[in-house]
Amino acid sequence: MMKLIPLVIEGKRIVQLSQLTIDQANDLRSWLPSNSIKKVNFQGMEISDCISFETYEYWFRTYHSMTRAYETMLDF
């Protein structure tokens, strides 16, 4: 699983859920409180599926380490 690079908009680091695979985005959405997903305006465009990079990074470390541990167990 590749880690996303954050977008920096108005000094805030964010990621778009649409940059993830469908499974990853669904897992992350189910883990997040419903009010965590924000709309951000950037150069006249509205990006509607943004979360803070810090939140994503925490989820990534937790999810990725659990996935790797599970995959390692299956190797035996």
Side-chain angles (χ1 to χ4, degrees):
M1 179 161 138
M2 298 287 293
K3 185 175 179 182
L4 296 179
I5 297 171
L7 301 169
V8 179
I9 299 175
E10 297 179 6
K12 296 179 183 174
R13 298 185 316 161
I14 62 166
V15 294
Q16 279 186 275
L17 296 180
S18 59
Q19 293 178 315
L20 297 167
T21 66
I22 292 171
D23 290 337
Q24 292 168 353
N26 287 339
D27 287 345
L28 183 50
R29 283 180 198 272
S30 69
W31 179 80
L32 287 170
S34 60
N35 62 348
S36 297
I37 301 172
K38 305 290 184 193
K39 294 180 182 178
V40 176
N41 288 313
F42 179 66
Q43 296 181 349
M45 297 184 321
E46 184 177 82
I47 305 170
S48 61
D49 59 345
C50 299
I51 62 169
S52 73
F53 180 71
E54 291 75 18
T55 301
Y56 164 74
E57 192 170 38
Y58 176 82
W59 173 84
F60 181 85
R61 282 193 314 249
T62 304
Y63 178 79
H64 189 63
S65 65
M66 288 185 342
T67 302
R68 286 183 53 102
Y70 181 69
E71 289 172 351
T72 303
M73 290 179 1
L74 293 178
D75 289 341
F76 290 106

First locate atom [atom1] of [X], then atom [atom2] of [Y], and finally report the distance between them rounded to the nearest 0.5 Å.
X     : Y     : atom1 : atom2 : value
Gln19 : Gln24 : CD    : CD    : 11.5 Å
Asp23 : Leu28 : CG    : CG    : 12.5 Å
Arg13 : Ser52 : CZ    : OG    : 9.0 Å

Those residues at least two apart in sequence (or on a different chain) that pass side-chain contact (heavy atoms from CB on, under 4.5 Å) with Ser18 are Gln16, Asp49
If you take all heavy atoms of Tyr56 and Leu4, which pair is closest and at what distance? OH-N, 2.9 Å
Tell me the closest heavy-atom pair linking Ile5 and Val15, and the distance in Å. O-CG1, 4.5 Å
Sequence-distant partners of Phe42, ring pair (Phe, Tyr, Trp, His ring centres under 6.0 Å), two or more places apart: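 Once residues adjacent in sequence are excluded, Phe42 has no partner under the ring pair (Phe, Tyr, Trp, His ring centres under 6.0 Å) criterion.
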Do Ile9 and Leu17 share a hydrophobic cluster, counting only Ile, Leu, Val, Met, Phe, Trp and Tyr and linking them when any side-chain heavy atoms are less than 4.5 Å apart? no
Do you reckon Ile51 sits in the same ILVMFWY cluster as Trp59, going by side-chain contacts under 4.5 Å, direct or chained?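 Looking at the clustering, Trp59 is in the same group as Ile51.
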Taking atom CD of Glu10 as the centre, does the number of heavy atoms from other residues, nucleotides or ligands within less than 6.0 Å exceed 12? no
Does any non-hydrogen side-chain atom of Leu20 lie less than 4.5 Å from one of Phe60? no
According to side chain to side chain donor-acceptor pair (under 3.5 Å), who are the partners of Ser48, at least two apart in sequence or on a separate chain?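 Ser48: no side chain to side chain donor-acceptor pair (under 3.5 Å) contacts found.
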